[in-house]
Amino acid sequence: MAVEIKQVDTLDAADRERLFDWGEDIFGAQSLNLRWRSKDLHFLLYNDANLVSHAGILRHVVKVKGEPIVVGGLGGVVTLPEAQRKGFARRLVQLSMSFMESEWKVGAGLLFCLPRMVRYYESLGWQVLESPVVIDQPSGKIASPLLVMVLPFGGMKWPPGSVELQSFPW
Ligand SMILES: CC(C)(COP(=O)(O)OP(=O)(O)OC[C@H]1O[C@@H](n2cnc3c(N)ncnc32)[C@H](O)[C@@H]1OP(=O)(O)O)[C@@H](O)C(=O)NCCC(=O)NCCS
C-alpha cells in the first residue's frame with residue numbers, strides 16, 4: 001500500500017466530486033442550509049494512486065471579546081467509504097495541525113463539527129468551545145448552529161468570551 005500526500009491551492013471539479021459527492025449529505029449539515037467558505041490549502045491523500053482522503057485549511061482572524069486571534073481553520077475532512085478506518089483522516093488532520101502551527105504560526109486551530117465527531121477530534125487534542133460563536137451568513141450574523149472546537153498552539157490558552165467569526169463558517 002503506497003500512500004502519498006499532495007498539497008494544492010484549489011481542488012479541481014473532478015476531485016471535488018469524487019471526495020464530496022459519494023453520498024447524500026456526507027457531512028450531515030445540509031439541513032442547516034449554511035453558506036460555507038472555501039479553504040486556502042488542501043491536503044489530498046492518495047492510496048495506491050487513488051485519491052481517498054482530504055482535509056482543507058485556511059487562515060483567518062476571529063475576534064474574542066473584541067480582541068483579534070489569528071486562527072487556522074480546518075474543514076472538509078473526508079475519507080471515501082472504502083478507505084475509512086485506516087487512519088487516513090487522522091494523518092491529514094495531524095498534518096493540517098502541524099502546518100497551521102509551524103508554517104502559518106497561527107495561535108490556534110478552529111473547526112466546526114457535529115456532536116458525532118467530538119470524540120474523534122478530542123482524541124487529537126481539540127476541545128469544544130463553550131462560549132457562543134457568531135458566524136456570518138448572507139442573511140446577517142447568526143449564532144453558530146454547529147459545535148465549534150479549538151486547538152490552542154504553543155501553550156496559548158483560548159480566552160473566555162463570545163467569538164465573532166467575521167466570516168462564513170468552513
Ligand atoms: C469522519 C471521517 C473523515 C473519518 O475518516 P477515516 O479516514 O476513516 O478516519 P480515521 O481512520 O483516522 O479514524 C476513523 C475511526 O477509525 C478508527 N481507526 C483508525 N485506524 C483504524 C484501523 N486501522 N482499524 C480500525 N479502526 C481504525 C479511529 O480510531 C476512528 O475511530 P473513532 O471515530 O471511534 O475514534 C470519515 O468517516 C468521513 O469521511 N465521514 C463523512 C464526512 C465527515 O463526517 N467528516 C467529518 C467532518 S468534521
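Side-chain atoms are counted along with the backbone in the values below, which use heavy atoms only and exclude waters and symmetry mates. Counting begins at 1 with the first residue of the sequence. Order of listing sets the numbers, starting from 1, for every ligand and every atom in it.
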Give me the residue, atom name and distance of the protein heavy atom closest to [atom].
atom	answer
atom 7 (O) of ligand 1	T79 OG1, 2.7 Å
atom 11 (O) of ligand 1	G87 N, 2.6 Å
atom 40 (N) of ligand 1	Q84 NE2, 4.0 Å

State the atoms of ligand 1, each with its element, that fall below the 4.0 Å cut-off from a heavy-atom position in [X].
X	result
I26	41 (C), 42 (C), 43 (C), 44 (O)
V78	3 (C), 39 (O)
R90	12 (O)
R119	34 (O)

Heavy atom of protein inside 4.0 Å of atom 2 (C) of ligand 1, strictly below =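 Given the 4.0 Å cut-off, atom 2 (C) of ligand 1 does not count as touching protein heavy atoms.
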
Are any side-chain N or O atoms of [X] and backbone N or O atoms of [Y], one a donor and one an acceptor, separated by less than 3.5 Å?
X	Y	result
Q84	T79	yes
Y46	S53	no
H54	F20	no
S144	I135	no
D25	G28	yes
K105	S102	yes
Q166	V61	yes

For ligand 1, indicate whether the residue M117 contacts it via side chain, backbone, both or neither (heavy-atom separation under 4.0 Å).
->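 M117 to ligand 1: side-chain contact only, backbone stays beyond 4.0 Å.
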
Among F112, Y120, F88, whose heavy atom sits nearest atom 32 (P) of ligand 1?
->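 Among F112, Y120, F88, the closest heavy atom to atom 32 (P) of ligand 1 comes from Y120.
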
Using heavy-atom distances, let me know which of R91, M149, K86, R85 sits nearest atom 27 (C) of ligand 1.
->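 Residue with the shortest heavy-atom distance to the ligand atom: R85.
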
Say whether [X], considering both its backbone and side-chain N or O atoms, lies within less than 3.5 Å of an N or O atom on ligand 1.
X	result
A89	yes
A83	no
Y121	no
V77	yes

Report yes or no: does a heavy atom of R116 sit under 4.0 Å from some atom of ligand 1?
->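 Contact present.
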
For F43, is the NZ or CZ atom of K6 found under 6.0 angstrom from the centre of its six-membered ring and inside 45 degrees of the ring axis?
->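 No.
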
Is K141 salt-bridged to D136, cutoff N-O under 4.0 Å?
->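 A salt bridge is present here (some side-chain N lies under 4.0 Å from a carboxylate O).
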
CD of E17: more than 12 outside heavy atoms within 6.0 angstrom?
->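 Not more than 12 within 6.0 Å, no.
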
